[in-house]
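Structure record follows, encoded as structure tokens.
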Amino acid sequence: MDADIVIVGAGIVGLASAYKLAEAGRSVLLIDRKGMAEETSRGNAGAFAFSDIMPLATKDVLRKLPKWLSDPLGPLTIRPEYLAQITPWMMRFWRAGWPDRVAAGIKAQSALMRVARHEMDALVQSAGLANLVRSDGVLELYESEGELRAAQPEIDAKTREGIEISVVRGDELCALQPGIDPRFVVGTFVPKWQTVSDPYDFALAIGKAATNRGVAFRQADVKDLRPVGAGVTVAFADGSSLRANKVVVASGAWSRALTAPLGDLIPLDTERGYNTTLPPGAFDLKRQLVFPGHGFVVTSLSTGVRIGGAVEFGGLSLPPNFKRSDAMLKKAAMFMPGLKTEGGKQWMGFRPSLPDSLPAIGRSRPSPHILYAFGHGHLGLTQSAATGKLIAELVTGATPSLDLTPFSPQRF
Ligand SMILES: Cc1cc2nc3c(=O)[nH]c(=O)nc-3n(C[C@H](O)[C@H](O)[C@H](O)COP(=O)(O)OP(=O)(O)OC[C@H]3O[C@@H](n4cnc5c(N)ncnc54)[C@H](O)[C@@H]3O)c2cc1C
């Protein structure tokens, strides 16, 4: 064998998996065609969103969908050129919004989030990254009591799962974040939500910690995976290949190119997200803010104030439409009077998304030596350490920390 474990993809999921496997004493070769955290994991909103247990497809979202879809720069859009391709995914998404599926999804996501919090705490401690994590909670802001009432099922579900969440108004709301437009009359506050100083710096720090534990990194484009005996042949775009005992596909939104030829037809697509990062000091932000009615968040990072979110279905190859970043920035300036909007940098990333909002974590159909770790959608940073831990358990033959049935890559 040329390698023990190969991980394809050095986004946050591949990096955390490499770290956890190295911690378990395995020898790891991490491969990425671009470098460490150069894609989606580079520019996200930086939240450990442990309380985000709701699937994206809920009654509330499905109700808002027609209005959102009619606004080309609204919180959720489909690029017309991509409509035919995304329709089967959308059908599954709609089905995922039925009450029985939502209830099962909340249960599965909550179980994964419990492992996520525990494993992220452990990773942060063991890799010495505590100085990159802020623990000041998240404030969600609503424009009316009616909007809050519509969010009540979500608040109730979180409370049932033991998540600390409170409704705030008046002085209490103003104290959590001064300087917000008075149209926001009520909010919810989750104190145990955390954010990282910058997602790129955080990912690179995990990469460094993994390298210190012996993980090797190679920049290369993987074209094909083939099960061979008790191992796997990894073929590269330059025509070379290597043999590994086990391969982990952690290739984010691009994973389907490697899994489909293996016969695993997983409905992975991408929810493209946009943001603008303004220079540090653009607003005196006390903590992360979420504007749920408008589909964006505002985060204070060491590298600036990041404003973004939104969901755009447009596949992997259509060019970005940065009018979406402009639209969110314009709204943020209205909602946060005093925001200095000059000097921003725009970015788009590819969330790797499955229609039921749960990731695929498990073995491939044709071979127990090929494992999958992708499809984390809006939550890849949050769930990266847990996914790494679960992958390490599958690789080493240990009992997984949670029942992996709801995350089976073959569940569709
Ligand atoms: C606007 C926005 C905000 C977000 N905010 C948050 C947040 O606050 N909290 C949170 O938890 N999540 C958030 N997310 C989601 C999060 O960013 C993703 O879930 C996460 O980055 C996915 O990580 P990944 O490692 O699976 O994929 P990626 O980071 O995309 O990494 C995949 C890697 O695989 C490599 N690759 C692909 N194919 C091949 C191949 N054939 N050969 C070699 N290399 C290959 C790519 O080059 C890439 O580096 C956000 C996303 C967006 C877009």
Q: In sequence, state the C-alpha distance, the side-chain angles, and the governing distance for I370 and T259, and then conclude on side chain to side chain contact (heavy atoms under 4.5 Å, CB included).
A: CA-CA 10 Å; I370 301 178; T259 60; over 6 Å; no
Q) Which heavy atom of W347 sits nearest a heavy atom of G349, and at what distance? A) CH2-CA, 3.4 Å
Q: Go through the structure and list residues passing side-chain contact (heavy atoms from CB on, under 4.5 Å) with A235, not counting sequence neighbours.
A: D224
Q. Pairs in or reaching into residues 389-398: which pass side-chain hydrogen bond (donor to acceptor under 3.5 Å, both in side chains), with residues at least two apart or in two chains?
A. E393-S401
Q: Please list, chain by chain and in numerical order, all residues satisfying side-chain contact (heavy atoms from CB on, under 4.5 Å) with T188, sequence neighbours excluded.
A: E140, Y142, L148, I155, I165, V167
Q: State, to 0.1 Å, how close T270 and A253 come at their nearest heavy-atom pair, and which atoms those are.
A: CB-CB, 4.1 Å
Q) Under 3.5 Å, is there a donor-acceptor pair linking the side chains of D136 and Q194? A) no
Q. Hey, mind stepping through V8 and V248 against side chain to side chain contact (heavy atoms under 4.5 Å, CB included) and telling me if it holds?
A. CA-CA 6 Å; V8 187; V248 181; over 6 Å; no
Q. Taking the side chain as C-beta and beyond, is there a heavy-atom pair between L225 and S367 under 4.5 Å?
A. no
Q) Does a side chain donor of either S126 or E23 reach within less than 3.5 Å of an acceptor in the other side chain? A) yes
Q. Is there side-chain contact between D52 and T382, with at least one heavy-atom pair below 4.5 Å?
A. no
Q: Hey, could you give me the CD/CD1 distance between E154 and I106, rounded to the nearest 0.5 Å?
A: 8.5 Å
Q.
Please report the interatomic distance CG(L371) to OG1(T387), rounded to the nearest 0.5 Å.
A. 12.5 Å
**Q.** Where P337 and I180 come nearest, the two heavy atoms and their spacing
**A.** CD-C, 4.4 Å
Q: Measure the CZ-CD distance between F184 and E147 for me, rounded to the nearest 0.5 Å.
A: 7.5 Å
Q | Pairs where residues 187-220 contributes a residue and the test ring pair (Phe, Tyr, Trp, His ring centres under 6.0 Å) is met, not counting sequence neighbours | A | F48-F202
Q. Which heavy atom in P366 sits nearest to a heavy atom in D264, and how many Å separate them?
A. CD-OD2, 3.8 Å
**Q.** Any residue meeting side chain to side chain donor-acceptor pair (under 3.5 Å) with N212, in chain and number order, not counting sequence neighbours
**A.** none
Q: Using distance alone, with no hydrogens and no angle criterion, decide if Y274 and N321 have a side-chain donor and acceptor under 3.5 Å apart.
A: no
Q.
Does anything in residues 162-184 form a side-chain hydrogen bond (donor to acceptor under 3.5 Å, both in side chains)? List the pairs, not counting sequence neighbours.
A. E145-R169, E164-K192, D181-R183
Q: Taking side chain to side chain donor-acceptor pair (under 3.5 Å) as the test, write out the residues that go with D356, two or more places apart.
A: R411
Q) Any side-chain heavy-atom pair from I31 and F236 closer than 4.5 angstrom? A) yes
Q.
Tell me if the CE atom of M334 is crowded by more than 12 foreign heavy atoms within 6.0 Å.
A. yes
Between side-chain atoms of residues 293-304 and protein atoms elsewhere (two or more places apart, or another chain), which donor-acceptor pairs fall under 3.5 Å?
unit_1 : atom_1 : unit_2 : atom_2 : d
H294   : ND1    : K331   : NZ     : 3.0
H294   : NE2    : E143   : OE1    : 2.7
T299   : OG1    : A45    : O      : 3.3
T299   : OG1    : Q288   : NE2    : 2.7
S300   : OG     : R134   : NH1    : 3.1
S302   : OG     : S197   : O      : 3.3
T303   : OG1    : D198   : OD2    : 2.6

**Q.** Derivation of the salt bridge (Lys or Arg N to Asp or Glu O under 4.0 Å) call for K34 and D221
**A.** CA-CA 8 Å; K34 289 214 159 165; D221 190 359; over 6 Å; no
Q | Counterpart residues, ring-ring contact (aromatic ring centres under 6.0 Å, His included), relative to W98 (two or more places apart) | A | W94
Q. Of all residues at least two apart in sequence or in a different chain, which pass the side chain to side chain donor-acceptor pair (under 3.5 Å) check with R287?
A. none
Q.
Does any part of the side chain of I307, heavy atoms only, come nearer than 4.5 Å to the side chain of T277, both counted from C-beta?
A. no
Kindly list each side-chain donor-acceptor pair under 3.5 angstrom involving residues 75-90, sequence neighbours excluded, with atom names and distances?
unit_1 : atom_1 : unit_2 : atom_2 : d
T77    : OG1    : R324   : NH1    : 2.6
T77    : OG1    : R324   : NH2    : 3.4
R79    : NH1    : E312   : OE2    : 3.3
R79    : NH1    : P319   : O      : 3.1
R79    : NH2    : P319   : O      : 3.0
Y82    : OH     : D269   : OD1    : 3.1
Y82    : OH     : D269   : OD2    : 2.9
T87    : OG1    : L83    : O      : 2.7
W89    : NE1    : P267   : O      : 3.3
W89    : NE1    : S353   : O      : 3.2

Q: Could you tell me whether the side chain of T276 reaches within less than 4.5 Å of the side chain of K345, counting heavy atoms only?
A: no
Q.
For a 4.5 angstrom cut-off between non-hydrogen side-chain atoms, does L258 reach S251?
A. yes
Q: Could you check I7 against V28 for side chain to side chain contact (heavy atoms under 4.5 Å, CB included), going step by step and ending with a plain yes or no?
A: CA-CA 7 Å; I7 299 178; V28 180; 3.8 Å; yes
Q) Does K20 come within less than 4.0 Å of E119, counting only side-chain N to carboxylate O? A) yes
Q: Might you point out which heavy atoms bring G314 and R272 nearest each other, and give the distance in Å?
A: O-NH1, 3.3 Å
Q) What heavy-atom pair brings A18 and V215 nearest, and what distance separates the two atoms? A) O-CG2, 3.7 Å
Q: Kindly indicate, with the supporting measurements, whether the criterion side chain to side chain contact (heavy atoms under 4.5 Å, CB included) is fulfilled by L21 and K246.
A: CA-CA 12 Å; L21 278 160; K246 299 245 182 313; over 6 Å; no
Q.
Taking the side chain as everything from C-beta on, heavy atoms only, tell me whether V232 gets closer than 4.5 Å to P227.
A. no
(Q) Which residues pass the ring-ring contact (aromatic ring centres under 6.0 Å, His included) test with F412, not counting sequence neighbours? (A) none
Q: Could you check whether the rings of F350 and W254 sit parallel, tilted or perpendicular, using 30° and 60° as the cut-offs?
A: perpendicular
Q. How long is the gap from CG on N44 to CG on L381, to the nearest 0.5 Å?
A. 5.5 Å
Q) Just checking, is any N or O donor in the side chain of Q346 or N275 under 3.5 Å from an acceptor N or O on the other one? A) no
**Q.** Flag for E38-Q219: side-chain donor and acceptor within less than 3.5 Å
**A.** no
**Q.** Sub-4.5 Å side-chain heavy-atom contact between L141 and L139
**A.** yes
Q: Before giving the answer on side chain to side chain donor-acceptor pair (under 3.5 Å), spell out for Q109 and E161 the whole-Å C-alpha distance, their side-chain angles and the decisive distance to 0.1 Å.
A: CA-CA 10 Å; Q109 198 70 291; E161 290 298 332; over 6 Å; no
Q.
Is it true that D156 and Q152 share a donor-acceptor pair across their side chains at a distance under 3.5 Å?
A. yes
(Q) Pairing donors with acceptors under 3.5 angstrom, does anything connect the side chains of R363 and Y372? (A) no
Q | Main-chain N/O of V13 paired with S17 side-chain donor or acceptor, under 3.5 Å | A | yes
